[in-house]
Amino acid sequence: MADDDFTGKWPEESDDVTEMSEEPSVSSILHSVAIDDSRNVNNSLDDHADSNIQTVTPGDTPYTSAVRFEQLSLSHELLRGLYVEMGFERPSKIQSVSLPMILTPPYKNLIAQAKNGSGKTTCFVLGMLSRVDPKLDAPQALCICPTRELVIQNMEVLLKMGKYTGVTSEMGLAVDKANYIPVSKRAPVTAQVIIGTPGTINKWIAAKKLGTSNLKILVFDEADHMLAESGFKEDSVRIMKEIVKWSPRCQVLLFSATFNDTVKAFVSKIVKSLFVQEYNQMFVMKEELSLDSVTQFKVNLPNELSKIMVIKDKIMDLAEKVGQTIIFVRTKKSAGMLHEALVKYGYQVTTIHGTLAREDRDKIVKEFREGLTHVLISTDLLARGFDQSKVNLVVNYDLPVIHDNTSEPDNEVYLHRIGRAGRFGRKGAVFNLLCGDKDNMIMKKIETYFKHYVTEVPSFTSDEDFKEALKKAGLM
DNA sequence: AAAAAAT
């Protein structure tokens with residue numbers, strides 16, 4: 001990493017910045033975040049992951065970035081969790097900026113963007129744990145996530161970090177048929193932290209099983225998706241309205257790696273209109289969102305069939321040598337087809353998508369996490385947030401496109417997918433399989449959007465070319 | 001198109 005990544009370089013005050021702050025500009029303070037350049041910190045979070053973070057804070061609450069966790073007045077038990085269980089030594093850059101904003105009264109809301117693999121989860125989990133009153137046996141912190149897999153993953157982080165705190169927690173997930181009990185029969189939730197999917201959380205609230213009057217902090221993980229995507233949006237807004245009714249001062253945290261300008265404006269408006277508290281913002285320019293540690297490639301192919309051939313003849317062998325691989329496909333159907341084809345050729349792959357039984361989904365993820373499987377085919381179910389450090393190869397079997405206009409790329413999903421590789425600054429590679437002019441056009445648009453050129457693998461039939469690519473990515 | 005939810 002070049003040194004100037006650490007200088008807190010301040011981008012020109014762009015339209016982006018002023019557009020975002022809907023507060024009168026006089027009261028908006030634009031902070032450049034200058035962090036003490038402690039290069040020799042052995043933090044498991046990589047400090048170069050968020051080089052330029054811009055923050056907008058309305059009003060006059062001053063925030064000083066935290067260089068050490070001790071500055072955040074955390075409980076001894078929580079500090080122990082951070083040091084002993086998580087292995088942290090000092091706050092990563094995103095933590096040092098966001099944690100003071102989260103933990104300083106009057107507990108303003110926060111819209112926070114940070115790169116993939118930079119440790120957003122640890123930020124909001126720490127926020128939830130530190131704001132819970134251990135003496136009160138009632139729901140005080142609630143976290144909403146788009147998928148079952150993300151709920152489970154976030155809960156694992158919470159349990160680890162909160163190991164010594166005695167804070168109680170529960171997952172709000174649909175249970176499989178075998179263990180089904182009607183909501184009305186279920187006992188009221190007394191756990192202090194709840195992490196769940198929107199459907200189940202709404203159901204619990206509607207059935208008066210989840211009280212919202214003691215909630216101090218509400219987190220939306222993958223917030224751009226949760227608040228802007230139809231289906232999720234309605235559920236999320238319903239949850240917020242219910243909470244604001246009983247806890248109008250509840251702090252709202254919105255976290256994601258992506259907030260495009262439209263969504264950013266929309267999301268700010270919702271938070272502003274529903275909650276009394278002002279909000280702080282933290283964001284990264286889109287040109288800076290591509291991870292330096294992940295090298296992207298494109299492979300041009302003559303027809304759809306050759307995609308399977310490339311996976312079979314090139315990717316599968318290389319994947320085995322390199323680490324773990326996720327192959328993203330657009331539909332469940334093509335997931336199944338690719339799966340069948342590879343199995344027929346004698347390869348070991350597993351496939352995950354939303355229509356599988358919940359227990360199967362859990363099992364497939366578990367096996368992948370344990371390293372029992374090396375190649376996982378997935379729909380966009382796992383595009384966001386899935387954190388498996390051994391994944392260093394991502395294949396876009398299909399490019400991510402907008403659903404009602406398939407000639408337009410879904411830039412956000414693209415970024416999330418490639419972010420499954422290169423967790424916390426690790427090296428990674430991405431192969432985009434392109435077939436025809438349309439794919440090339442979409443790829444070009446993605447490159448333009450992020451202002452990031454993607455190298456072409458010269459020949460899809462050449463073993464050497466693929467090896468060369470992985471060498472270039474630092475994987476061989 | 002995919003995701004979440006349960007009937």
Side-chain angles (χ1 to χ4, degrees), chain A residues 142-155 171-186 189 194-207 209-210 219-240 242 256-258 263 304 326-339 351-362 364-365 376-386 396-417 420 438-439 442:
Chain A
L142 177 59
C143 173
I144 314 289
C145 316
T147 62
R148 160 181 203 89
E149 286 70 21
L150 223 38
V151 169
I152 296 170
Q153 178 177 294
N154 289 340
M155 182 54 84
M171 290 195 278
L173 287 177
V175 288
D176 40 288
K177 280 200 187 99
N179 307 320
Y180 176 78
I181 43 157
V183 213
S184 53
K185 295 262 168 64
R186 147 181 232 302
V189 179
I194 318 296
I195 304 179
T197 46
T200 303
I201 297 298
N202 259 320
K203 212 173 75 177
W204 286 4
I205 293 177
K209 296 294 179 182
L210 174 58
V219 180
F220 283 94
D221 194 7
E222 308 298 340
D224 59 329
H225 199 223
M226 299 303 290
L227 296 183
E229 200 70 28
S230 77
F232 279 135
K233 182 173 92 182
E234 294 74 13
D235 280 348
S236 298
V237 169
R238 194 179 308 147
I239 292 171
M240 286 202 262
E242 196 57 40
S256 182
T258 52
V263 172
E304 283 291 325
I326 300 181
I327 303 174
F328 284 107
V329 294
R330 195 171 65 96
T331 64
K332 298 171 197 170
K333 204 172 141 197
S334 54
M337 271 160 44
L338 180 60
H339 181 100
T351 301
I352 190 167
H353 56 70
T355 34
L356 296 182
R358 292 183 191 103
E359 45 191 354
D360 292 339
R361 282 167 67 165
D362 294 351
I364 285 160
V365 168
L376 181 57
I377 301 170
S378 175
T379 57
D380 282 328
L381 171 69
L382 289 188
R384 286 170 173 264
F386 184 70
N396 282 323
Y397 186 83
D398 304 302
L399 288 173
V401 291
I402 304 286
H403 83 286
D404 52 5
N405 184 0
T406 55
S407 56
E408 287 299 317
D410 192 324
N411 294 308
E412 282 71 37
V413 172
Y414 181 82
L415 196 77
H416 282 281
R417 283 184 181 183
R420 293 323 99 211
K438 191 181 169 187
D439 281 353
I442 293 167

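Reckoned from all heavy atoms, side chains included, excluding hydrogens, waters and symmetry mates.
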J.: Closest-nucleotide mapping onto DNA chain B: is A:Glu149 or A:Val401 further toward the 5' terminus? I mean the 5' end.
T.: A:Val401
J.: Taking any heavy-atom pair under 4.0 Å as a contact, classify A:Thr355: base, sugar-phosphate, or nothing.
T.: nothing
J.: Output the rounded distance in Å from CG (A:Asn202) to P (B:dA6).
T.: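 After rounding, the reported distance stands at 11 Å.
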J.: Taking the minimum atom-to-atom distance to the side chain of A:Thr331, which one of B:dA6, B:dA3, B:dA2 wins?
T.: B:dA2
J.: Tell me every residue that passes salt bridge (charged side-chain N to carboxylate O under 4.0 Å, His left out) with A:Arg330, counting only those two or more places apart in sequence or in another chain.
T.: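 A:Arg330 satisfies salt bridge (charged side-chain N to carboxylate O under 4.0 Å, His left out) with no other residue.
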J.: Would you say A:Ile195 and A:Cys145 make side-chain contact, with heavy atoms under 4.5 Å?
T.: yes
J.: Base, sugar-phosphate, or nothing: which does A:Pro198 touch, judged by heavy atoms less than 4.0 Å apart?
T.: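 Nothing, no nucleic acid heavy atom in range.
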J.: Counting the atoms with a prime plus P, OP1 and OP2 as sugar-phosphate, which does A:Gly231 contact under 4.0 Å by heavy atoms, base, sugar-phosphate, or nothing?
T.: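 A:Gly231: base contact, heavy atoms under 4.0 Å.
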J.: May I have the distance from A:Arg186 (atom CZ) to B:dA6 (atom P), rounded to whole angstrom?
T.: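 Nearest whole value for this atom pair: 12 Å.
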J.: When you measure from the side-chain N and O atoms of A:Thr379 to the phosphate of B:dA3, is any distance below 4.0 Å, counting only OP1 and OP2?
T.: yes
J.: Is there a side-chain contact between A:Val329 and A:His353, using heavy atoms and a 4.5 Å cut-off?
T.: no
J.: Using a cut-off of less than 4.0 Å, is there contact between a side-chain N or O of A:Lys332 and OP1 or OP2 of B:dA1?
T.: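 So the side-chain polar atoms of A:Lys332 never come under 4.0 Å of the phosphate oxygens OP1 or OP2 of B:dA1.
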J.: Can you measure A:Ile239 atom CD1 to B:dA4 atom P for me and round it to whole angstrom units?
T.: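 One finds 14 Å between P of B:dA4 and CD1 of A:Ile239, rounded.
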J.: So does A:Ser230 get a side-chain nitrogen or oxygen closer than 4.0 Å to the phosphate oxygens (OP1/OP2) of B:dA2?
T.: no
J.: Send over the distance from A:Lys333 NZ to B:dA2 C1', rounded to a whole Å.
T.: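 So the two atoms are 15 Å apart, to the nearest Å.
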J.: Starting at atom CD1 of A:Ile181, determine the distance to atom P of B:dA6, rounded to an integer number of angstrom.
T.: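 Result: 12 Å.
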J.: Between A:His225 and A:Ser256, is any side-chain donor less than 3.5 angstrom from a side-chain acceptor?
T.: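 A:His225 vs A:Ser256: no donor-acceptor pair found between side chains.
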J.: Looking at the side chain of A:Tyr180, which of B:dT7, B:dA6, B:dA2 is the nearest nucleotide?
T.: B:dT7
J.: Report yes if a side-chain nitrogen or oxygen of A:Arg361 is closer than 4.0 Å to either non-bridging phosphate oxygen (OP1 or OP2) of B:dA3; otherwise report no.
T.: no
J.: Which of the following nucleotides, B:dA1, B:dA3, B:dA6, is nearest to the side chain of A:Arg330?
T.: B:dA1
J.: Rounding to a whole Å, what distance do you find between A:His225:NE2 and B:dA3:P?
T.: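 Result: 10 Å.
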J.: I need the CZ-C1' distance between A:Arg358 and B:dA6, as an integer number of Å.
T.: 8 Å
J.: Over how many whole Å does the gap from A:Tyr397 atom OH to B:dA1 atom P extend?
T.: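 It works out to 17 Å between those atoms.
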J.: Using 0.5 Å steps for rounding, measure from the OG1 atom of A:Thr200 to the CD1 atom of A:Ile144.
T.: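 Spacing of OG1 (A:Thr200) from CD1 (A:Ile144) equals 9.5 Å.
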J.: Return the nearest nucleotide to the side chain of A:His403; candidates are B:dA1, B:dA6, B:dA4.
T.: B:dA1
